[in-house]
Amino acid sequence: MLVLQLRTGEYMTIGNDVVVRVNDVSGDRCKLMIKAPREIPVIRGELLERAGAERPEGIAEIPRRHQPGLSWNRNKTQALIAMRRLLAQMDGEDDHVKDLRRQLDFLFPPEFASNETIYAPK
């Protein structure tokens, strides 16, 4: 398998009819621009595999470095507890405090960190 290193704006050709250009690189993702005749299908491998196609020979599964989602730990739980306590002390008629509490509960529903009480300082 051929491995090429291209910078943003650089391109490569495949045969006489296909041009692949690196449009943007950000973190572990890159955007490619592909110019090919309409009769040549250009389909992402992920979509082919979802449809039941086999992964081509020589293409290994690469583990993702960053898993989507929120990594949760004791420090974040303690920060969430502190925010909830502070908002409870500020509760009253102030609409800003009510808005903050609604936003906090939307982002982190009370059941989100069900172990909040485990880490609560005594």
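These numbers come from the heavy atoms of this one structure, side chains and all, not from hydrogens, waters or symmetry mates.
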Hydrophobic cluster of [X], others only, ordered by chain and residue number, side-chain cut-off 4.5 Å:
{"X": "Leu47", "result": "Ile43, Leu48"}
{"X": "Val3", "result": "none"}
{"X": "Tyr11", "result": "Val19"}
{"X": "Leu32", "result": "Leu2, Leu4, Leu6, Met12, Ile14, Val18, Val20, Val22, Val25, Ile34, Ile40, Val42"}

Residues two or more places apart in sequence or in another chain: which of them pass salt bridge (Lys or Arg N to Asp or Glu O under 4.0 Å) with [X]?
{"X": "Arg7", "result": "none"}
{"X": "Glu49", "result": "Arg55"}
{"X": "Asp105", "result": "Arg84"}
{"X": "Asp99", "result": "Arg102"}

Listed once per pair and sorted, the side chain to side chain donor-acceptor pair (under 3.5 Å) pairs that draw on residues 32-44, sequence neighbours left out
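Those involving residues 32-44 are Arg44-Glu46.
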Sequence neighbours excluded, which residues qualify as side chain to side chain contact (heavy atoms under 4.5 Å, CB included) partners of Leu87?
Val97, Leu100, Arg101, Leu104
Asp17: side chain to side chain contact (heavy atoms under 4.5 Å, CB included) partners, not counting sequence neighbours:
Pro37
